[in-house]
Novice: 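Structure below; questions to follow.
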Amino acid sequence: LRPAGSVRLPTPPLQLLFAADGASLYAAVSPAPGSTVLARFGRNSAAALLGKRALFGAVRRLVATPDGQTLLLALGDRVGLGIADAGTLDVERPLAGCDARDVVLTRGGERAYVLCADDLIAEVDPALRLVVKNVELSATSGRCGTAAGALSANQTVLFVACSASARLLYLDRVTLMPFDSVDIGAGAARLALSPDGRHAVVASPSGGIVEVVDVRARTVRHRLPLPEALDIAVSADGHAFVVGAERLWEVDVGAGLMAREVALGAPAAAVVVWPGPREPRMRWDHGR
């Protein structure tokens with residue numbers, strides 16, 4: 001976890017995303033209040049800036065379609081779902097038109113689920129650029145405070161972390177209706193699943209905790225005190241990397257233990273895991 005290089009940005013990125021092949025890195029940065037820039041950096045050019053695009057709304061989540069050609073952006077400030085070309089970063093007219101907190105994409109990319117702050121979930125067909133349906137969570141389960149989501153390993157359950165009601169909801173992916181829940185800490189902001197789909201990792205920065213939920217047993221297995229935990233990324237080996245309070249923590253999800261803690265020396269708000277093969281050391285300038 002030692003730094004191998006750096007790129008100077010005006011503010012800490014709101015979101016980060018590696019391209020599927022690891023050849024480039026996308027970063028959403030807010031250089032001034034009310035403005036957001038989506039930038040792309042190339043690995044083979046020593047992290048040189050390859051392109052950038054000004055956006056409307058804060059970027060809450062970046063997701064790439066399976067073919068790597070399209071980016072889906074959860075945009076706040078009542079903008080909704082942005083769809084961008086991964087190469088040119090050109091953004092189409094947004095869909096859903098809500099204060100988007102998260103976007104969850106199916107494994108095959110045929111459906112995207114936009115989680116809105118007003119407890120609305122929009123099901124979108126990304127290929128057709130069409131909102132298939134809208135479901136209001138609060139109509140069936142009370143006030144949720146929708147914050148983050150993830151799909152189960154078999155793609156049949158949509159998990160939704162509720163910041164207001166302090167619950168992790170289980171939604172039938174077809175009807176988008178809740179059928180079960182687990183009590184979690186209040187103020188949930190981020191949610192990530194382990195590769196085997198057994199555990200959900202939930203970060204609640206206001207409460208200063210990260211919880212590991214066994215989604216099959218429907219119980220919280222571990223609670224770790226990690227102050228101001230803002231973002232989570234889970235690697236292929238089942239370790240979670242959590243960033244916040246100028247620190248990076250590595251957590252063994254299955255054991256519920258902190259493996260390592262690293263001082264960053266600067267504020268950070270986003271973390272992403274290298275998607276390529278596991279290597280003792282990943283060099284960003286690989287191939288030069």
Novice: Answer with yes or no whether the hydrophobic clustering places Val135 together with Leu115; edges join I, L, V, M, F, W, Y residues whose side-chain heavy atoms lie under 4.5 Å apart.
Specialist: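 Yes, because Val135 and Leu115 connect within a single hydrophobic cluster, where side-chain heavy atoms sit under 4.5 Å apart.
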Novice: Tell me whether Arg143 contacts the main-chain N or O of Ser138 through its side chain, where contact means a donor paired with an acceptor under 3.5 Å.
Specialist: no
Novice: Looking only at heavy atoms, what is the nearest atom pair of Ala122 and Asn134, with distance?
Specialist: CB-OD1, 3.2 Å
Novice: Please check if Ile121 and Leu193 belong to a single hydrophobic cluster, counting links between Ile, Leu, Val, Met, Phe, Trp and Tyr side chain heavy atoms closer than 4.5 Å.
Specialist: no
Novice: Regarding Asp183 and Arg167, does a basic nitrogen lie under 4.0 Å from an acidic carboxylate oxygen?
Specialist: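 Here Asp183 does not pair with Arg167 in a salt bridge, since their nearest N and O are not under 4.0 Å apart.
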Novice: Measure across Gly197 and Ala153 and return the closest heavy-atom pair with its distance rounded to 0.1 Å.
Specialist: CA-CB, 4.0 Å
Novice: Please examine the side chains of Arg218 and Asp180, heavy atoms only from C-beta on, and report whether any two atoms are closer than 4.5 Å.
Specialist: yes
Novice: Is there a side-chain contact (heavy atoms from CB on, under 4.5 Å) between His222 and Glu211? Walk through the geometry before answering.
Specialist: CA-CA 6 Å; His222 310 286; Glu211 296 169 294; over 6 Å; no
Novice: Is the side chain of Ser163 donor-acceptor paired with the backbone N or O of Gly145 at a distance under 3.5 Å, no angle test?
Specialist: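 Judged by distance alone, yes, a pair lies under 3.5 Å.
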Novice: Working to the nearest 0.5 angstrom, can you tell me the gap between Arg216 CZ and His199 NE2?
Specialist: 8.5 Å
Novice: Quick one: pull up CG in Leu72 and CG in Leu81 and give me the separation to the nearest 0.5 Å.
Specialist: 5.5 Å
Novice: Return the CG to CG distance between Leu130 and Leu95, rounded to the nearest 0.5 Å.
Specialist: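 Here the rounded value is 8.0 Å.
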Novice: Less than 6.0 Å separating the ring centroids of Phe18 and Trp274?
Specialist: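 Yes, ring centres under 6.0 Å apart.
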Novice: For Asp214, what residues pass the salt bridge (Lys or Arg N to Asp or Glu O under 4.0 Å) criterion, not counting sequence neighbours?
Specialist: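 For Asp214 the salt bridge (Lys or Arg N to Asp or Glu O under 4.0 Å) partners, ignoring immediate neighbours, are Arg198, Arg221.
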Novice: Search all heavy atoms of Val212 against all heavy atoms of Val253 and return the closest pair with its distance.
Specialist: CG1-O, 3.6 Å
Novice: Measuring only between side-chain heavy atoms, which start at C-beta, is Val213 closer than 4.5 Å to Thr219?
Specialist: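 Contact flag for Val213/Thr219 side chains = no.
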Novice: List the atom of Ala186, the atom of Ser206, and the distance in Å for their closest heavy-atom pair.
Specialist: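 Closest pair (atom of Ala186, atom of Ser206, distance): O-OG, 3.9 Å.
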Novice: Ignoring hydrogens and geometry, is there a side-chain-to-backbone donor-acceptor pair from Thr70 to Thr65 under 3.5 Å?
Specialist: no
Novice: Could Arg60 and Asp102 be called an ion pair, given the rule that one side-chain N must be under 4.0 Å from one carboxylate O?
Specialist: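 Looking at Asp102 together with Arg60, the answer is no, because their closest N to O distance does not fall below 4.0 Å.
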Novice: Which of these passes side chain to side chain contact (heavy atoms under 4.5 Å, CB included) with Leu158: Thr106, Leu176, Leu169, Val174?
Specialist: Leu176
Novice: Looking only at atom types and distance, does a side-chain atom of Asp231 sit under 3.5 Å from a main-chain N or O of Val243, one as donor and one as acceptor?
Specialist: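 Not confirmed, Asp231 side chain does not pair with Val243 backbone.
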Novice: Under 4.5 Å between side-chain heavy atoms, hopping through other hydrophobics if needed: is there a path connecting Val251 to Val271?
Specialist: no
Novice: So which atom in Val272 and which in Leu16 form the shortest heavy-atom distance, rounded to 0.1 Å?
Specialist: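 For Val272 and Leu16, the tightest heavy-atom pair comes out as CG1-CB, 3.8 Å.
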Novice: Nearest 0.5 Å, please: how far is CG in Leu38 from CZ in Arg53?
Specialist: 9.0 Å
Novice: Do the non-hydrogen side-chain atoms of Arg111 and Glu123 ever get within less than 4.5 Å of each other?
Specialist: yes
Novice: Could you check whether any side-chain heavy atom of Val63 comes within less than 4.5 Å of a side-chain heavy atom of Leu73, counting everything from C-beta outward?
Specialist: no
Novice: Determine whether a donor-acceptor pair (N or O, by modelled atom type, separation under 3.5 Å) exists between the side chain of Asp119 and the backbone of Cys144.
Specialist: yes
Novice: For the backbone of Cys162 and the side chain of Ser165, can you confirm whether one donor and one acceptor N or O come within less than 3.5 Å of each other?
Specialist: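 No; judged by distance alone, with no hydrogens or angles, the pair does not exist.
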Novice: In chain order, what residues pass the ring-ring contact (aromatic ring centres under 6.0 Å, His included) check against Phe159, with sequence neighbours excluded?
Specialist: Tyr170
Novice: How close do Ala269 and Pro13 get, counting heavy atoms only, and between which atoms?
Specialist: CB-O, 3.6 Å
Novice: Could you tell me whether a side-chain N or O of Tyr26 sits under 3.5 Å from a main-chain N or O of Gln15, the two making a donor and an acceptor?
Specialist: no
Novice: Look at the side chain of Arg101 and the backbone N and O of Val114, then say whether any donor-acceptor pair between them is shorter than 3.5 Å.
Specialist: no
Novice: Distance from Lys133 atom NZ to Asp125 atom CG, nearest 0.5 Å?
Specialist: 13.0 Å
Novice: Please check if the side chain of Thr36 supplies one atom and the backbone of Gly57 the other of a donor-acceptor pair under 3.5 Å.
Specialist: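 Here the side-chain-to-backbone pair exists.
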Novice: Report the distance from atom CG of Leu50 to atom CG of Leu25, rounding to the nearest 0.5 Å.
Specialist: 10.0 Å
Novice: Please tell me if the side chains of Val132 and Val124 come closer than 4.5 Å, counting only heavy atoms from C-beta onward.
Specialist: no
Novice: Could you see if Val79 belongs to whatever hydrophobic cluster contains Ile83? Use Ile, Leu, Val, Met, Phe, Trp, Tyr and a side-chain cutoff under 4.5 Å.
Specialist: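 No; Ile83 is not reachable from Val79 via cluster members.
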Novice: What's the verdict on side-chain contact (heavy atoms from CB on, under 4.5 Å) for Arg61 and Arg190, showing C-alpha distance, side-chain angles and the deciding distance?
Specialist: CA-CA 10 Å; Arg61 180 73 78 182; Arg190 281 296 178 202; 3.0 Å; yes
Novice: Would Leu191 and Leu168 count as a side-chain contact (heavy atoms from CB on, under 4.5 Å) if you check the C-alpha gap in whole Å, the side-chain angles of each, and the deciding distance to 0.1 Å?
Specialist: CA-CA 10 Å; Leu191 170 64; Leu168 178 66; 4.1 Å; yes
Novice: Side chain of Gln155, backbone of Ser152: donor and acceptor closer than 3.5 Å?
Specialist: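 The answer is yes, because a donor-acceptor pair under 3.5 Å joins these two groups.
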Novice: Quick one: does Phe56's side chain get under 4.5 Å of Asp77's, heavy atoms only?
Specialist: no
Novice: Do the side chains of Val210 and Val202 get nearer than 4.5 Å, heavy atoms only?
Specialist: no
Novice: Sorted by first residue and then second, give each disulfide bond (SG atoms under 2.5 Å apart) pair with at least one member in residues 67-108; sequence neighbours left out.
Specialist: Cys98-Cys116
Novice: Could you see if Leu264 belongs to whatever hydrophobic cluster contains Trp249? Use Ile, Leu, Val, Met, Phe, Trp, Tyr and a side-chain cutoff under 4.5 Å.
Specialist: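 No; tracing contacts between hydrophobic side chains, which count when under 4.5 Å, never links both residues.
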Novice: Hey, does Leu151 have a side-chain heavy atom less than 4.5 Å from the side chain of Val157?
Specialist: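 No. Closest side-chain heavy atoms not under 4.5 Å.
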Novice: Could you go through the side-chain contact (heavy atoms from CB on, under 4.5 Å) check for Phe241 and Ser235 one step at a time?
Specialist: CA-CA 8 Å; Phe241 295 87; Ser235 62; 3.8 Å; yes
